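Every heavy atom of this structure was used, including side-chain atoms; hydrogens, water molecules and symmetry mates were not. Just so it is clear, the structure is predicted and the values come from calculations on it, not from any experiment.
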Amino acid sequence: MRIEIINTGDELLRGALADTNAVYMARRLYELGFRTGRFVTIGDDLRVLTEALTAAFSECDLVLVSGGLGPTDDDLTAAAAAAAAGVKLVRSAEAEKIVRGAFVRGGWEMHPVNLKQADVPEGCRVLDNSNGTAPGFALRAKRAEAFFLPGPPRELKPMFEAHVVPSLPAPPARHVAAFRLHGMGESDVQARLAPYAAAHPELVFGFRATFPEIGLRVVAE
């Protein structure tokens with residue numbers, strides 16, 4: 001199962017914010033038995049985001065996207081998702097109900113611009129957000145099942161658990177052996193393992209150098 005995580009926002013590319021969403025989702029996926037193949041970070045650029053989503057829809061089984069679902073002009077994720085999937089961007093009555101409900105619960109004044117958050121790709125499944133004003137959505141496009149979640153971690157994390165986790169298939173069985181080695185370098189360990197790696201291509205060997213030790217993980221699915 002090929003998985004890609006895409007995070008959006010100029011603030012990530014400027015280094016103003018750390019990309020904790022990708023780390024969280026990748027860690028949870030690994031705990032559930034899945035390996036993430038790639039992280040992608042994209043600024044607030046409709047063309048670049050559309051191109052990235054178009055490629056991910058064709059190449060991946062699961063695509064997780066965070067950010068860009070707000071009400072301002074630089075929130076471009078829904079428009080990019082619709083363009084990449086080849087569908088229209090439409091006003092969803094279900095999404096509008098979620099947006100209006102969030103403002104009522106919070107006791108805030110809702111500006112007309114906030115209804116931009118109810119514009120989603122035609123045919124998608126709207127995802128409720130109990131901790132913010134932006135609904136998420138899920139979309140089947142080409143090869144991929146794609147989930148689009150808000151960027152704030154306090155909103156993303158519960159939505160990931162509520163909507164993404166239940167949709168995952170049963171993971172493959174995984175067996176992991178972990179070793180801590182001392183007295184040799186990474187190249188020495190690699191040389192000694194080479195015959196086993198060649199004989200067993202189904203095994204994945206991972207190295208981590210933390211002086212004075214070498215950490216080695218051997219994973220079989």
Side-chain angles (χ1 to χ4, degrees), residues 1-30 34-90 92 95 99 113-114 116-127 129 131-161 163-164 167-168:
M1 184 175 184
R2 182 167 179 178
I3 302 174
E4 181 169 315
I5 295 174
I6 299 175
N7 290 310
T8 70
D10 284 348
E11 64 276 10
L12 297 173
L13 293 181
R14 293 197 310 269
L17 288 179
D19 183 5
T20 59
N21 286 339
V23 173
Y24 171 80
M25 290 190 285
R27 183 177 67 246
R28 286 291 292 124
L29 288 168
Y30 191 80
F34 301 93
R35 293 170 60 89
T36 300
R38 183 165 60 185
F39 290 171
V40 178
T41 301
I42 297 172
D44 300 318
D45 186 310
L46 182 61
R47 179 185 62 81
V48 176
L49 182 55
T50 300
E51 290 174 353
L53 289 172
T54 300
F57 290 164
S58 297
E59 299 169 1
C60 301
D61 303 296
L62 176 65
V63 179
L64 302 174
V65 184
S66 73
L69 299 181
T72 57
D73 289 343
D74 60 351
D75 289 308
L76 304 169
T77 297
V87 299
K88 296 178 181 178
L89 191 68
V90 298
S92 163
V99 174
V113 69
N114 286 105
K116 175 176 180 283
Q117 295 174 291
D119 294 338
V120 297
E122 188 175 29
C124 74
R125 178 162 54 93
V126 174
L127 307 177
N129 178 2
N131 297 286
T133 63
F137 57 89
L139 182 66
R140 185 76 194 179
K142 300 176 184 176
R143 170 181 168 179
E145 183 73 20
F147 289 83
F148 296 80
L149 307 175
R154 65 181 293 272
E155 300 178 34
L156 176 138
K157 291 179 180 180
M159 292 181 69
F160 178 89
E161 300 297 334
H163 301 295
V164 178
S167 75
L168 296 172

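- In this structure, the side chains of T50 and L46 come closer than 4.5 Å at one or more pairs of heavy atoms.
- Residue P135 comes nearest to V126 through the heavy atom pair CB-CG1, 4.0 Å, listed as atom of the first residue, atom of the second, then distance.
- In summary, the side chains of Q117 and T133 do present a donor paired with an acceptor at a separation below 3.5 Å, with no hydrogens or angles considered.
- Using a 4.0 Å cut-off between a side-chain N of Lys or Arg and a carboxylate O of Asp or Glu, E145 and R140 qualify as a salt bridge.
- Taking every heavy atom of both residues into account, A26 and I5 meet most closely at N-CD1, 3.8 Å.
- Remark: side-chain polar atoms of D10 are paired, donor with acceptor, to backbone N or O of D44 under 3.5 angstrom.
- With hydrogens and angles left out, the side-chain atoms of E155 and N131 include no donor and acceptor closer than 3.5 Å.
- Within the 4.5 Å cutoff, side-chain heavy atoms of L127 are placed close to those of M159.
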Practice item. Determine, step by step, whether D61 and I3 satisfy the side-chain contact (heavy atoms from CB on, under 4.5 Å) criterion, reporting the C-alpha distance in whole Å, the side-chain angles of both residues, the deciding distance to 0.1 Å, and the verdict. Key: CA-CA 6 Å; D61 303 296; I3 302 174; over 6 Å; no
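- The side-chain heavy atoms of D119 and S92, taken from C-beta on, include no pair separated by under 4.5 Å.
- Of all heavy-atom pairs spanning A141 and A85, the tightest one is CB-CB, 4.1 Å.
- Contact detail for S58 and R143: the closest heavy-atom pair is O-CD, 3.6 Å.
- K142 has no carboxylate O lying under 4.0 Å from a charged side-chain N of E59, or vice versa, which leaves the two without a salt bridge.
- Aromatic ring orientation, F148 versus F57: perpendicular (interplanar angle above 60°, classes split at 30° and 60°).
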Exercise for review: Before giving the answer on salt bridge (Lys or Arg N to Asp or Glu O under 4.0 Å), spell out for E122 and K88 the whole-Å C-alpha distance, their side-chain angles and the decisive distance to 0.1 Å.
Suggested key: CA-CA 5 Å; E122 188 175 29; K88 296 178 181 178; 5.5 Å; no
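- For the side chain to side chain contact (heavy atoms under 4.5 Å, CB included) criterion with L69, the lone passing option out of T77, N129, T8 is T77.
- Inter-residue side-chain proximity for L149 and V65 is flagged as unmet; no heavy-atom pair is nearer than 4.5 Å.
- Within a 6.0 Å sphere centred on CZ of R28, other residues, nucleotides and ligands contribute more than 12 heavy atoms.
- Between I6 and I42, some side-chain heavy-atom pair lies under the 4.5 Å cut-off.
- Residue M1 holds its CE atom at 4.5 Å from CG of L62, rounded to the nearest 0.5 Å.
- When every heavy atom of A144 is checked against every heavy atom of A56, the shortest pair comes out as CB-O, 4.2 Å.
- F34 is listed as a side-chain neighbour of L168, based on a closest heavy-atom distance under 4.5 Å.
- Looking at F147 and M25, their side chains never come closer than 4.5 Å, going by heavy atoms from C-beta outward.
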Check your understanding: Hey, mind stepping through K116 and D75 against salt bridge (Lys or Arg N to Asp or Glu O under 4.0 Å) and telling me if it holds?
Key -> CA-CA 9 Å; K116 175 176 180 283; D75 289 308; 5.0 Å; no
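- Of the possible polar contacts, one joining the N21 side chain to the G151 backbone as a donor-acceptor pair under 3.5 Å is found.
- Paired with L13 under the rule side chain to side chain contact (heavy atoms under 4.5 Å, CB included), one option of D45, N7, T41 passes, and it is T41.
- Looking only at side-chain heavy atoms (C-beta outward), Y24 and L29 stay at 4.5 Å or farther from each other.
- Remark: R47 engages E51 in a salt bridge, criterion side-chain N to carboxylate O under 4.0 Å.
- Of all heavy-atom pairs spanning F137 and A78, the tightest one is CZ-CA, 3.9 Å.
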